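Report on the following structure.
Letters A, B, ... mirror the listed sequences (proteins, then strands); counts begin at 1. Note that the structure is predicted; figures quoted are calculated from it, not measured.
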2 protein chains.
Amino acid sequence: MDEKEIRYAQDALYVLSGKWRMPVILALHNGLRRYREIAQSIPGITFSMLSKELQIMELNNLVLRMEDPDFPKHVEYKLTEYCESLYPIVESLVNWGREHRKVIST
Amino acid sequence: MDEKEIRYAQDALYVLSGKWRMPVILALHNGLRRYREIAQSIPGITFSMLSKELQIMELNNLVLRMEDPDFPKHVEYKLTEYCESLYPIVESLVNWGREHRKVIST
DNA sequence: CCGGATCCAACGAGATACTG
DNA sequence: CAGTATCTCGTTGGATCCGG
């Protein structure tokens, strides 16, 4: 491991970090597509926060935004396949975090 | 994946995030043990920052601090085996981050 | 030599009000 | 319905000074 690889790791961490990143990914992963639906499924999030999250995620190719040209206010979001390439990492984070709770609580 | 698992993942992210966490882990991984050595191997870090990092990491059982009772100011640090359980995650972060650079730069 | 304490700056998060 | 703009605030990161 060298300094360049550290920067790669930090880039990846940046993509996953932040208070709402994981909850938004979960909501989309669970099949929610509409803005309002997504917001309501995440306790505590505001429209403002969700708006910012989706913009950043779109820039990072994690999310696809699709607006129906015939019904201009009908918008749907979905995770990209690229975002799904994160799942193995997320899973290993979950497993490590579960064990970590036990270690810290002792 | 549910909300509880998201919290586990966020706990794990918390352990790995922050500007200096990964560089410090790397320095220790590379065999550096003395406070001054570690600080000098990480460009840009201050003693103050390193001090805080090591304290937090010790609390999370990532680092072991050993003070020689005969030479009170001779202190050595090393990663715990527990910290090494993070390596698979770090490696997958590095690999994903490397690919991500290519995706974003296009 | 190995830090702790204190104070300041930068950034991310949130509340609120407003728009097409 | 689906957002955006702005402002405030708390947290994290950093500089500097001080002490065992």
Side-chain H-bond candidate by donor/acceptor type, B:Tyr8 with A:His100, under 3.5 Å: no

Donor + acceptor pair across side chains of A:Tyr77, A:Arg33 (<3.5 Å): no

Any side-chain to backbone donor/acceptor pair from [X] onto [Y]? Under 3.5 Å, distance only.
{"X": "A:Arg34", "Y": "A:Glu76", "answer": "no"}
{"X": "A:Asn60", "Y": "A:Leu62", "answer": "no"}
{"X": "B:Thr80", "Y": "B:Asn61", "answer": "yes"}

Hydrophobic cluster identity match, [X] and [Y], side-chain contacts under 4.5 Å:
{"X": "B:Val103", "Y": "A:Met57", "answer": "yes"}
{"X": "A:Val24", "Y": "B:Tyr14", "answer": "no"}
{"X": "B:Leu64", "Y": "B:Ile25", "answer": "no"}
{"X": "A:Ile42", "Y": "A:Val94", "answer": "yes"}

Over how many whole Å does the gap from [X] atom [atom1] to [N] atom [atom2] extend?
{"X": "A:Tyr77", "N": "D:dC1", "atom1": "OH", "atom2": "P", "value": "14 Å"}
{"X": "A:Glu67", "N": "D:dG3", "atom1": "CD", "atom2": "P", "value": "8 Å"}
{"X": "B:Phe71", "N": "C:dC2", "atom1": "CZ", "atom2": "P", "value": "14 Å"}
{"X": "A:Ile45", "N": "C:dG12", "atom1": "CD1", "atom2": "C1'", "value": "14 Å"}
{"X": "A:His74", "N": "D:dA2", "atom1": "NE2", "atom2": "P", "value": "8 Å"}

Heavy-atom side-chain contact between A:Tyr35 and A:Val75 under 4.5 Å: no

Minimum side-chain heavy-atom gap A:Lys78-A:Leu28 below 4.5 Å: no

Short side-chain N/O contact from B:Arg65 to OP1 or OP2 of C:dC2, under 4.0 Å: no

Short side-chain N/O contact from B:Trp20 to OP1 or OP2 of D:dG14, under 4.0 Å: yes

Residue-level proximity of residues 8-19 of chain B to DNA chain D when a heavy atom falls under 4.0 Å: B:Gly18, B:Lys19

Neighbours of DNA chain D within residues 28-40 of chain A, by heavy-atom distance under 4.0 Å: A:Arg34, A:Tyr35, A:Arg36

Proximity to DNA chain C (any heavy atom under 4.0 Å), residues of residues 46-59 of chain B only: B:Ser48, B:Ser51, B:Gln55

